[in-house]
K.L.:
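Structure below; questions to follow.
All residue numbers refer to positions in the sequence shown, counting from 1.
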Amino acid sequence: MATTSPDVVKASPPQGALDRFFKITERGSTIGTEIRGGLVTFFTMSYIIVLNPIILGLVQDGTGQYLGGGDEPNLAMIAAATALVAGVLTILMGVVANFPLALAAGLGLNAVVAFSIAMLPDMTWADAMGIVVLEGLIILVLVLTGFREAVFKAVPAPLKTAISVGIGLFIAFLGLINAGFVRSAESTPLELGIGGSLSGWPVFVFVVGLVIAIVLMVRKVKGAILIAILSSTVLAVIVEAIAKVGPQNADGSNPSGWELNAPSIPDTFVSVPDFGLLGQFSLFGAFGKIGIVAVILLVFSILLADFFDTMGTMVAVGGEAGLLDEDGNPPKTKQILIVDSFAAVAGGAAGVSSNTSFVESSAGVGDGARTGLASVVTGIAFLLATFLAPLVDMVPSEAAAPALVVVGFLMVMQVTGIDWKNYEIAIPAFFTMIMMPFTYSITAGIGAGFIAFVIIKIAVGKIRQIHPLMWVASLLFLAYFTLTPIKEALGL
């Protein structure tokens, strides 16, 4: 894997303290480019402010209470805490690790917390968040002892490339799904649009945004992705004002509506946030409710997803930015992992589920971001979002989705770095790449690749080429993939 990309070159001497601190000129970037890239990342992942409250806020815990307390959902409170934690941690990532990586409440992880933990009999939301904090503390210990970094560095470079390519396929797939361009169907797992046909104004907005992004990129226009997002948002607001499309409904009606929020000019651009959710967790409350063994299994399932998702994400983002060394390792790997591990603790302590690195950060990198300044900009935008939630709601997922598709293409270009004639690495790389979009899980893709790599090396008599930590990781993945029968065998 190349140590730098054509965009990352040593140019003129650094200009000012900000430039020197973030190594902006050294990495071939500019302050303007970093600001723009940070905003692109924010707009691409700002959906989490809307989506996290929906996943966590509409579920009652084992005692019949909603997150935040009471008999009614507290969506605004969850949204405020989601944006606050994401903002603080993303700024921390930028300052401590100088890496263009943003963090927020993890999708998938929040669903596990809501539907697999909080709903257990007698379990409270505070107990569920306590399990998240415990998982985060364990991850932090693994980082501080060097174990997490050692596992990451034990992964062969071609597999790291495959992880990056797989994530590219995954986020392109996410973009198509978020836009309604591809949907689940009754007769087939997936289909084009609705009934095999593209229909609805939201899909039209997505297609227009995608065309704008592609054309501007081909013409090498700076800020192509940000321009596409903003242009699509303006178009979406106009379309909604005229056509009155409305959002999709939970009962399946209005399938051609907006995925999450109907874009419109709000009555007010400022709202006072409620941070009352912060600190609502019970560190050891779950032990008395479901027992030690059940808590251990739940912590393990969250921990493994957290452990490897971030590894894949930072490889993907670092590869797109041209910041990886010849072994596929980004600069300040330990600092990146420390901040990410602390994010799991902070997310649970704030009552919004484990926070983790977002692969959507690659959208900002695709638009030129190369340093932690971009993360600082993204973090500031999240903090402002706690007050400007109505303004953030103007950006529908259909307007941000084109960025994911375009950046997915850019990341898949790294596939040429894999020796496809060498089956010993090509087959594990293949499984890594295809399993991510097919299972909707970065962790599953990494696990499939690791296990395939170990099996093949054993089969060809090259056991000595398997790093001891690859053995450990593969065995952990085997346990992870068979977690359900393990629970059933234990009567859980």
K.L.:
Please confirm whether the backbone N or O of V415 pairs with a side-chain atom of W420, one donor and one acceptor, at under 3.5 Å?
P.N.:
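Side chain of W420 to backbone of V415: a pair is present.
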
K.L.:
Nearest 0.5 Å, please: how far is OG1 in T313 from CD1 in I336?
P.N.:
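Going from the CD1 atom of I336 to the OG1 atom of T313 covers 11.0 Å.
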
K.L.:
Applying ring pair (Phe, Tyr, Trp, His ring centres under 6.0 Å), which residue pairs with at least one partner in residues 325-384 are found, sequence neighbours left out?
P.N.:
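Residue pairs with at least one partner in residues 325-384: F42-F382.
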
K.L.:
Give me the atom names and distance for the closest heavy-atom approach of A399 to T233.
P.N.:
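Looking at all heavy atoms of both residues, the closest pair is CB-OG1, 3.6 Å.
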
K.L.:
Using salt bridge (Lys or Arg N to Asp or Glu O under 4.0 Å) as the criterion, list what pairs up with K334, not counting sequence neighbours.
P.N.:
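So K334 forms no salt bridge (Lys or Arg N to Asp or Glu O under 4.0 Å) with any residue.
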
K.L.:
Quick check on F287: does its CZ atom have over 12 non-hydrogen neighbours (other residues, nucleotides or ligands) under 6.0 Å away?
P.N.:
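It does: F287 CZ has more than 12 such atoms within range.
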
K.L.:
Report yes if the side chains of L410 and M217 come closer than 4.5 Å at any heavy-atom pair, otherwise no.
P.N.:
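They are in side-chain contact.
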
K.L.:
Does W125 reach the side chain of V59, with side-chain heavy atoms less than 4.5 Å apart?
P.N.:
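Of all side-chain heavy-atom pairs linking V59 with W125, at least one is under 4.5 Å.
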
K.L.:
Carefully, step by step, assess T356 and T310 under the rule side-chain hydrogen bond (donor to acceptor under 3.5 Å, both in side chains).
P.N.:
CA-CA 7 Å; T356 187; T310 295; 3.2 Å; yes

K.L.:
Measure the spacing between CG of L174 and CD1 of I167 and express it to the nearest 0.5 Å.
P.N.:
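So the gap between those two atoms works out to 10.5 Å.
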
K.L.:
Between T145 and L142 (side chain of the first, backbone of the second, donor and acceptor by atom type, cut-off under 3.5 Å), is there such a pair?
P.N.:
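The answer is yes, because a donor-acceptor pair under 3.5 Å joins these two groups.
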
K.L.:
Side chains of I171 and V405, heavy atoms from C-beta outward: is any pair under 4.5 Å?
P.N.:
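Answer no - side chains too far apart.
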
K.L.:
State whether the number of non-hydrogen atoms from other residues, nucleotides or ligands found under 6.0 Å of F431 atom CZ is greater than 12.
P.N.:
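Check fails, neighbour count at 12 or below.
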
K.L.:
Within this structure, what is the NZ-CD1 distance for the pair K160 and I418, rounded to the nearest 0.5 Å?
P.N.:
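With rounding to 0.5 Å, NZ (K160) is 13.5 Å from CD1 (I418).
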
K.L.:
Donor-acceptor pair, S361 side chain versus L101 backbone, under 3.5 Å?
P.N.:
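Such a contact is absent between S361 side chain and L101 backbone.
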
K.L.:
Has the side chain of R27 got a donor or acceptor atom that lies under 3.5 Å from a matching backbone atom of R370?
P.N.:
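Checked: pair present.
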
K.L.:
Check whether E360 reaches the backbone of T41 with its side chain - one donor and one acceptor, N or O, closer than 3.5 Å.
P.N.:
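Pair absent, no side-chain N/O of E360 close to backbone of T41.
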
K.L.:
Are V215 and R219 close enough that some pair of their side-chain heavy atoms sits under 4.5 Å apart?
P.N.:
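SC-SC contact between V215 and R219 confirmed.
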
K.L.:
Measure across L216 and A224 and return the closest heavy-atom pair with its distance rounded to 0.1 Å.
P.N.:
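Nearest pair, atom of L216 first, then A224: CB-CB, 3.5 Å.
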
K.L.:
Show me, pair by pair, the donor-acceptor contacts under 3.5 angstrom made by side chains of residues 449-460, not counting sequence neighbours?
P.N.:
{"unit_1": "K457", "atom_1": "NZ", "unit_2": "E424", "atom_2": "OE1", "d": "2.8"}
{"unit_1": "K457", "atom_1": "NZ", "unit_2": "Q465", "atom_2": "OE1", "d": "2.8"}

K.L.:
State whether the side chain of N178 and the backbone N or O of L176 hold a donor-acceptor pair below 3.5 Å, judged by distance alone.
P.N.:
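Absent.
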
K.L.:
What heavy-atom pair brings I425 and P158 nearest, and what distance separates the two atoms?
P.N.:
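Between these two residues, the closest heavy atoms are CG1-CB, 3.3 Å.
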
K.L.:
Got F22 and L18 here, is their nearest side-chain heavy-atom distance under 4.5 Å?
P.N.:
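They are in contact (side-chain heavy atoms under 4.5 Å apart), so the answer is yes.
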
K.L.:
Is there a donor-acceptor pair under 3.5 Å between the side chain of S354 and the backbone N or O of G106?
P.N.:
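No.
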
K.L.:
Taking T333 for the side chain and P330 for the main chain, is one N or O donor matched with an acceptor at less than 3.5 Å?
P.N.:
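Yes; at least one donor-acceptor contact below 3.5 Å.
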
K.L.:
How close do G372 and N98 get, counting heavy atoms only, and between which atoms?
P.N.:
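For G372 versus N98, the nearest heavy atoms are N-OD1, 2.8 Å.
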
K.L.:
Would you call V377 and E34 a side-chain contact if the rule is heavy atoms closer than 4.5 Å?
P.N.:
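No - every pair of side-chain heavy atoms lies 4.5 Å or more apart.
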
K.L.:
For D340, is there an ion pair with R148 - N to carboxylate O distance below 4.0 angstrom?
P.N.:
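Result for this pair is yes, salt bridge flagged.
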
K.L.:
Looking at S29, is its backbone amide N or carbonyl O close enough to the side chain of T33 to form a donor-acceptor pair, meaning the two atoms are under 3.5 Å apart?
P.N.:
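Pair absent, no side-chain N/O of T33 close to backbone of S29.
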
K.L.:
Please walk me through it: do L159 and M470 pass side chain to side chain contact (heavy atoms under 4.5 Å, CB included)?
P.N.:
CA-CA 12 Å; L159 267 186; M470 284 292 289; 4.2 Å; yes

K.L.:
Which heavy atom of D274 sits nearest a heavy atom of A80, and at what distance?
P.N.:
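So the two residues come closest at O-CB, 3.6 Å.
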
K.L.:
What I'd like to find out is whether the side chain of P331 reaches to under 4.5 Å of the side chain of L323, using heavy atoms alone.
P.N.:
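Yes, at least one pair of side-chain atoms sits under 4.5 Å.
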
K.L.:
Applying side chain to side chain contact (heavy atoms under 4.5 Å, CB included), run through L383 and I91 and close with a yes or a no.
P.N.:
CA-CA 10 Å; L383 295 182; I91 291 173; 3.8 Å; yes

K.L.:
Would V96 and I338 satisfy side chain to side chain contact (heavy atoms under 4.5 Å, CB included), going step by step from the backbone distance to the final call?
P.N.:
CA-CA 9 Å; V96 173; I338 287 175; over 6 Å; no

K.L.:
Just wondering, more than 12 heavy atoms not from F430 lying within 6.0 Å of its CZ?
P.N.:
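Counting neighbours around CZ of F430, 12 or fewer heavy atoms of other residues, nucleotides or ligands fall under 6.0 Å, so no.
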
K.L.:
From I117 CD1 over to L298 CG, what is the distance, rounded to the nearest 0.5 angstrom?
P.N.:
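The CG atom of L298 is 5.0 Å from CD1 of I117, to the nearest 0.5 Å.
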
K.L.:
For L337, does its backbone N or O pair with a side-chain atom of S341 as donor and acceptor, under 3.5 Å?
P.N.:
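Indeed, once roles are kept as given, a pair shorter than 3.5 Å links the two residues.
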
K.L.:
Indicate whether the side chain of S164 and that of Q414 have a donor and an acceptor atom separated by less than 3.5 Å.
P.N.:
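Yes, a side-chain donor-acceptor pair sits under 3.5 Å.
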
K.L.:
Is F275 atom CZ crowded by more than 12 heavy atoms from other residues, nucleotides or ligands, each under 6.0 Å away?
P.N.:
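Result for CZ/F275: enclosed.
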
K.L.:
Calculate, to the nearest 0.5 Å, the distance between atoms CD1 and OG1 belonging to I434 and T439 respectively.
P.N.:
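Between atom CD1 of I434 and atom OG1 of T439 there are 9.5 Å.
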
K.L.:
Going through the distances and angles, do F99 and K332 end up as a side chain to side chain contact (heavy atoms under 4.5 Å, CB included)?
P.N.:
CA-CA 8 Å; F99 199 66; K332 293 190 174 182; over 6 Å; no

K.L.:
As an exercise, state the distance from CZ of F477 to CD1 of I446, rounded to the nearest 0.5 Å.
P.N.:
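So the gap between those two atoms works out to 6.0 Å.
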
K.L.:
Please check if the distance between the ring centroids of F173 and F438 is under 6.0 Å.
P.N.:
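Ring centroids of F173 and F438 are no less than 6.0 Å from each other.
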
K.L.:
Is there a side-chain contact between N74 and L67 in this structure, where contact means two heavy atoms from C-beta onward sitting under 4.5 Å apart?
P.N.:
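Not touching, per the 4.5 Å side-chain cut-off.
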
K.L.:
Taking all non-hydrogen atoms of both residues, which atom of I131 and which atom of V299 are closest, and how far apart?
P.N.:
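Scanning both residues completely, I find the closest heavy atoms to be CG2-CG2, 3.8 Å.
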
